[in-house]
Engineer: 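Shown below is the structure under consideration.
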Amino acid sequence: MQLSDHEKAILAGDLGPEAKKVLEIMYKVYEINGAKDFVEVDEVMLASTQNMSIGGVMGMEFLTALAESGVTFKAKTITDPVSIDLERWERLRIPADYAENQHKSVQALLKMGAVPTWTCTPYLAGSIPRYGRHLAYVETSCVIFANSFFGARTNREMDISALAAAITGKTPRYGMHLAENRAGSLLVTLETEMTSTSDYDALGNYVGKIAGSRIPVFKNMDRKVSTQALMQLGAALATTGSVTLFHVFDVTPDIILDPDAYGVAGVTEQIVVNADVMKTARREMNTTENTDVDFVSIGCPHYTIDKIKEIASYLDGKKVKSGVEAWVCTSQTVRDMAARSGEIKKIEDSGAKLVIDTCMVLAPVKEMGFHTMATDSAKAQFYVSGFGIGVRFGTTKQCLEAAVTGKWRG
Ligand code: F3S
């Protein structure tokens with residue numbers, strides 16, 4: 001293993017114990033995975049939320065110490081969502097001390113040179129991965145989308161291994177960085193029509209459980225499938241499975257370039273998804289029978305401008321029911337576009353909140369006392385169910401109807 005002088009200095013402790021620990025973990029990852037060398041990365045995506053492994057007070061103190069030691073990022077480094085809306089966290093009922101700690105982590109990351117994207121859809125905000133290039137991304141929906149939609153190459157990094165990639169500009173070459181590990185192995189034939197983006201959530205939820213860490217290949221999917229639908233599919237696959245890549249015949253780049261290598265040669269199992277399978281999948285994602293909804297949260301992964309327009313058009317002139325909290329999550333970039341086109345006014349005049357920088361999974365919603373959440377996202381459904389909140393899963397329109405009426409109509 002070749003080390004640069006900078007890396008040798010960090011390992012000798014010249015930049016403090018935090019930086020030394022980060023690099024030691026990166027070399028452990030290298031050894032455990034049998035990597036033969038390192039690969040330079042075009043871009044790194046870091047975790048920065050207060051709710052995850054590098055989060056909380058300890059995570060904030062770790063990042064602050066790292067920044068104060070003089071560490072700077074060698075790679076271009078973007079940032080995953082945080083746990084608060086950095087501009088308007090008070091209106092989300094987030095405690096002040098929690099917000100203060102999050103702001104300190106943010107300051108530490110900025111001091112080291114991070115680009116403040118704070119979104120899981122950075123490709124909608126100008127960070128566009130290129131085919132065949134290497135990345136070190138941490139957020140699972142972004143990892144699978146970068147690998148599948150763009151044909152870039154990234155493993156599902158841990159918080160610390162992504163930090164190491166940011167500091168060194170490289171990552172161990174194993175897993176998704178190698179072409180031979182990117183062939184599809186589970187062929188999924190669609191024998192039903194997909195009619196909403198949440199259908200792709202239900203599909204991903206179902207297939208992810210079967211796939212585990214394998215690579216699904218979808219056959220018969222509409223060639224005109226929207227970007228938002230593929231974002232939903234990827235996020236769901238990466239939630240119920242640990243899927244890091246999927247292929248869609250005639251749609252995603254690896255399989256367009258070489259259908260046999262990526263969609264045929266490595267297939268060891270085939271499944272069929274028909275209308276009955278989809279009906280069961282959707283039904284099983286409802287974890288409560290309760291029809292009174294007090295939280296509606298949509299925009300996971302962070303919505304595109306197209307989806308924001310759809311929401312604004314529905315909510316225009318309507319009011320969210322008193323006692324219902326309604327969040328529409330997106331990135332700052334999409335929010336700014338929506339502000340200029342007048343969509344935000346339509347959404348916020350209804351009483352719904354356009355939330356940026358965070359989401360229903362990363363914000364401390366568990367402590368906010370909600371009983372039943374409506375969502376159109378499989379990833380949100382999975383994690384928020386784990387917080388002990390009942391979940392109603394359905395289409396975006398069903399969720400918006402629940403926001404306005406306070407009732408779930410399945
Ligand atoms: Fe993004 Fe939060 Fe969902 S980070 S993918 S909106 S859980």
Side-chain angles (χ1 to χ4, degrees), residues 45-55 78-86 89 92 94 102 105-106 109 116-125 127 137-149 154 156-157 159 162 197-198 200-201 204-205 208 227-244 246 285 295-304 307-308 311 326-335 353-366 373-387 389 391 393 396 399:
M45 174 190 244
L46 288 184
S48 35
T49 166
Q50 290 293 288
N51 269 357
M52 302 305 240
S53 56
I54 208 165
I78 58 173
T79 47
D80 198 25
V82 285
S83 302
I84 63 173
D85 180 324
L86 290 163
W89 53 269
L92 304 183
I94 287 172
Q102 181 63 82
S105 296
V106 162
L109 292 169
T117 47
W118 317 123
T119 180
C120 49
T121 57
Y123 39 87
L124 303 177
S127 271
Y137 276 7
V138 77
E139 203 280 319
T140 59
S141 77
C142 201
V143 166
I144 194 169
F145 201 72
N147 277 321
S148 313
F149 188 88
T154 175
R156 194 163 154 157
E157 296 291 342
D159 298 358
T197 53
S198 64
Y200 289 86
D201 284 89
N205 175 285
T227 303
Q228 182 80 52
L230 292 174
M231 286 160 53
Q232 303 298 136
L233 175 65
L237 286 167
T239 298
T240 53
S242 49
V243 180
T244 49
F246 64 91
M285 291 167 74
F295 185 35
V296 175
S297 195
I298 52 183
C300 166
H302 279 172
Y303 270 160
T304 57
K307 206 69 184 167
I308 295 287
I311 310 301
W327 291 7
V328 180
C329 303
T330 191
S331 63
Q332 185 193 339
T333 310
V334 170
R335 188 276 314 265
K353 294 170 184 165
L354 206 296
V355 173
I356 60 166
D357 308 323
T358 190
C359 67
M360 68 301 274
V361 172
L362 300 181
V365 298
K366 191 176 173 185
M373 179 185 83
T375 190
D376 60 353
S377 158
K379 183 169 179 181
Q381 180 273 341
F382 180 90
Y383 283 105
V384 175
S385 298
F387 299 158
I389 298 172
V391 176
F393 168 80
T396 311
C399 294

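When a ligand or atom number is given, it counts from 1 through the structure's own listing order.
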Engineer: Ignoring hydrogens and angles, state whether a donor on the side chain of Q228 or T304 is under 3.5 Å from an acceptor on the partner side chain.
Structural biologist: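 Side-chain D/A pair, Q228 to T304: present.
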
Engineer: In the protein, how many N/O/S atoms are under 2.8 Å from atom 3 (Fe) of ligand 1?
Structural biologist: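 N, O or S atoms of the protein closer than 2.8 Å: 1.
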
Engineer: If we only count heavy atoms from C-beta on, is the V106 to W118 side-chain gap below 4.5 Å?
Structural biologist: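 Yes; the side chains approach each other to less than 4.5 Å.
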
Engineer: Give the atoms of ligand 1, by number and element, whose distance to some non-hydrogen atom of E139 is under 4.0 Å.
Structural biologist: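 The list of qualifying atoms is 5 (S).
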
Engineer: Do the side-chain N and O atoms of T240 and N205 include a donor-acceptor pair separated by under 3.5 angstrom?
Structural biologist: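 The criterion, which ignores hydrogens and geometry beyond distance, is not satisfied for N205 and T240.
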
Engineer: With no hydrogens and no angle check, do the side chains of T197 and K307 hold a donor and an acceptor under 3.5 Å apart?
Structural biologist: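 Their side chains do contain a donor-acceptor pair, which is all the 3.5 Å distance test asks for.
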
Engineer: With a 4.5 Å cut-off on side-chain heavy atoms, are H302 and C300 touching?
Structural biologist: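 Not touching, per the 4.5 Å side-chain cut-off.
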
Engineer: Does the side chain of T119 come under 3.5 Å of the side chain of T121 through a donor N or O and an acceptor N or O?
Structural biologist: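 Indeed, the side chains of T119 and T121 share at least one donor-acceptor pair under 3.5 Å.
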
